[in-house]
Amino acid sequence: MTPEQHRHAAQLAFVASGAELNIGTPEDCPLPLEQLIATRGDETYVRERFSAGLTAHVYRIHAQGQDWTLKLAREKCKVQNVDGQTSFLNEIQRRADLRHLKHDPLLTDRLSAIVDTRYASFRHGVLLSPWIEGVAIQAWDERQLLQLFDTLVALLLGGLFEWDLCTGNTLDDGQVRLFDFGYMYRFDPLRAFNSNGTAMPQFHAAERFETRQYFAHLLRLEQDGERLALDAFTLEKRIAVEAYQGLRAELASRGAAPVVLDWLDGIIATWRRALVNDVSELYLQEAWRSHWLDLHDDLSGQTCTPSTLARIGWLERTARERYADVQRLVVVESKNRLFDQLREARQLAQRWQVA
């Protein structure tokens, strides 16, 4: 079996076993556990209710003089695949891992952007964390990118790979914070590229950020001029190069396998060549990759949004105007077949809108 198949089998077996997984104890909760479990949103201690969560109902509650984020697992996750159906379990597992990693002297400071967990129970479907007084990031600047990449490198060094760096999973309160770990998985950074081993070298931390979030930001910038988008892309790539060079050096010092170091060397060299020469070609290549992959992520989970439709629009427009350039840079279907696929994708995306 592949690493992904092993993970699916293990998660489904845990769900079927009836075993419990806790972080902390009910006594750590600011309100009685039974009261938290019964929360529906109209209680006096509930300050806000968020309905957009695909895995859980999310509430901002007030107790013991402070605000908390309360997540109560949905009876059935809206994401229609195994990873989605086991994402609440996975999040609690990763929060347990993160709590442990935060005690590592080499990672403590670099993981300060990761939200703490006050209490969690898989069988009760409860997850409680301190509330983050942050805002969603609409336009990324240098400070935010530096902070994010520092955190991502720390996670990789700790053996955790985050697949879902979407807009809804990052907040900024002066520090870019990560707080949702339903699609973060363990891996061995000395032997593997990501949680799928060495089978999928196209997936790495920068790609996940670009695919799930950053190119949606660049797509909005394109509407005000391609130069703005290219400048923002160049900034992100310069920061990514520096972060990956540091990651590569740290992994080499820990005895990483040559296959991992060579893989990182290849990514870094590709970025550096583009930054020295012409970044526009790399922009087109990675924009196509990101919009195409994110589209299929959304379709796979049957969880589409207006952003999905915007990405389809970019793919259609680019295929009409720059098909020869795209074909030279990436593997792509014939033009007629490609438009058939995008037409079908648009129909499905409209049918599966969740927000």
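No hydrogens, no waters, no symmetry mates; every other heavy atom, side chains included, goes into these values.
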Original post:
Who pairs with Y45 by ring pair (Phe, Tyr, Trp, His ring centres under 6.0 Å), at least two apart in sequence or on another chain?
Top reply: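 Applying ring pair (Phe, Tyr, Trp, His ring centres under 6.0 Å) to Y45 gives none.
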**OP:** Could I get the full list of ring pair (Phe, Tyr, Trp, His ring centres under 6.0 Å) partners for H296, not counting sequence neighbours?
**Re:**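 By the ring pair (Phe, Tyr, Trp, His ring centres under 6.0 Å) rule, H296 matches W292.
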Can you tell me if [X] has over 12 outside heavy atoms packed within less than 6.0 Å of its [atom1]?
X: R322; atom1: CZ; result: no
X: E242; atom1: CD; result: no
X: E281; atom1: CD; result: no
X: E321; atom1: CD; result: yes
X: E344; atom1: CD; result: no
X: R186; atom1: CZ; result: no

Quick test of your reading of the model: are [X] and [Y] salt-bridged, counting only N-O distances below 4.0 Å?
X: D340; Y: R337; answer: no
X: D172; Y: R143; answer: yes
X: E316; Y: R320; answer: no
X: D28; Y: R118; answer: no
X: R94; Y: D180; answer: no

Would a hydrophobic clustering, with Ile, Leu, Val, Met, Phe, Trp and Tyr connected at side-chain separations under 4.5 Å, put [X] with [Y]?
X: W131; Y: I23; value: no
X: L261; Y: L190; value: yes
X: V82; Y: L21; value: no
X: L54; Y: Y183; value: yes
X: L70; Y: F88; value: no

Donor-acceptor contact below 3.5 Å, side chain [X] vs main chain [Y]:
X: T305; Y: S307; result: yes
X: S300; Y: D297; result: no
X: R177; Y: S112; result: yes
X: T170; Y: L178; result: no
X: S121; Y: H124; result: yes
X: R49; Y: R40; result: yes
X: N196; Y: A199; result: no
X: Q353; Y: A349; result: yes
X: Q80; Y: K78; result: yes
X: T211; Y: R208; result: no

Any non-hydrogen side-chain atom of [X] less than 4.5 Å from a side-chain atom of [Y]?
X: P30; Y: L128; value: yes
X: V176; Y: L146; value: no
X: E20; Y: F122; value: yes
X: L127; Y: E91; value: yes
X: H217; Y: L219; value: no
X: L157; Y: R110; value: yes
X: Q85; Y: V79; value: no
X: R272; Y: Q245; value: yes

Nearest non-hydrogen partners of [X] and [Y], listed with the distance:
X: F193; Y: V259; answer: CE2-O, 3.6 Å
X: A192; Y: V260; answer: N-CG2, 3.8 Å
X: A206; Y: W271; answer: CB-CH2, 3.7 Å
X: N90; Y: G182; answer: ND2-O, 3.1 Å

Without hydrogens or angle criteria, can the side chains of [X] and [Y] be said to hold a donor-acceptor pair below 3.5 Å?
X: S87; Y: T55; answer: yes
X: D298; Y: T303; answer: no
X: E43; Y: Q35; answer: no
X: E4; Y: T2; answer: no
X: H8; Y: D83; answer: yes
X: Q347; Y: R343; answer: no
X: S290; Y: E286; answer: no
X: D278; Y: S280; answer: yes

From [atom1] ([X]) to [atom2] ([Y]), nearest 0.5 Å:
X: T117; Y: R95; atom1: OG1; atom2: CZ; result: 4.0 Å
X: Y185; Y: Q93; atom1: OH; atom2: CD; result: 10.0 Å
X: N194; Y: D188; atom1: CG; atom2: CG; result: 12.0 Å
X: Q147; Y: L152; atom1: CD; atom2: CG; result: 12.0 Å

Less than 3.5 Å apart, which donor and acceptor atoms pair up between the side chains of residues 158-168 and the rest of the protein, not counting sequence neighbours?
from: E162; atom 1: OE2; to: D164; atom 2: N; distance (Å): 2.7
from: W163; atom 1: NE1; to: S195; atom 2: OG; distance (Å): 2.8
from: D164; atom 1: OD1; to: R212; atom 2: NE; distance (Å): 2.8
from: D164; atom 1: OD1; to: R212; atom 2: NH2; distance (Å): 2.9
from: D164; atom 1: OD2; to: N169; atom 2: ND2; distance (Å): 3.4

Test of understanding: with side chain to side chain contact (heavy atoms under 4.5 Å, CB included), list the residues that count as partners of [X], not counting sequence neighbours.
X: A287; result: F215, Y283, H291, W314
X: T270; result: R273, L282
X: H6; result: M1

**OP:** Could you give me the CA-CA distance, side-chain angles and deciding distance for C304 and Q350, then say whether side-chain contact (heavy atoms from CB on, under 4.5 Å) is met?
**Re:** CA-CA 8 Å; C304 299; Q350 290 170 335; over 6 Å; no
Original post:
salt bridge (Lys or Arg N to Asp or Glu O under 4.0 Å) between R60 and E133: does it pass, once the steps are laid out?
Top reply: CA-CA 11 Å; R60 178 183 183 178; E133 287 285 359; 2.8 Å; yes
Original post:
Once the angle between the rings of H204 and Y244 is folded into 0 to 90°, is it parallel (under 30°), tilted (30 to 60°) or perpendicular (over 60°)?
Top reply: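 Perpendicular.
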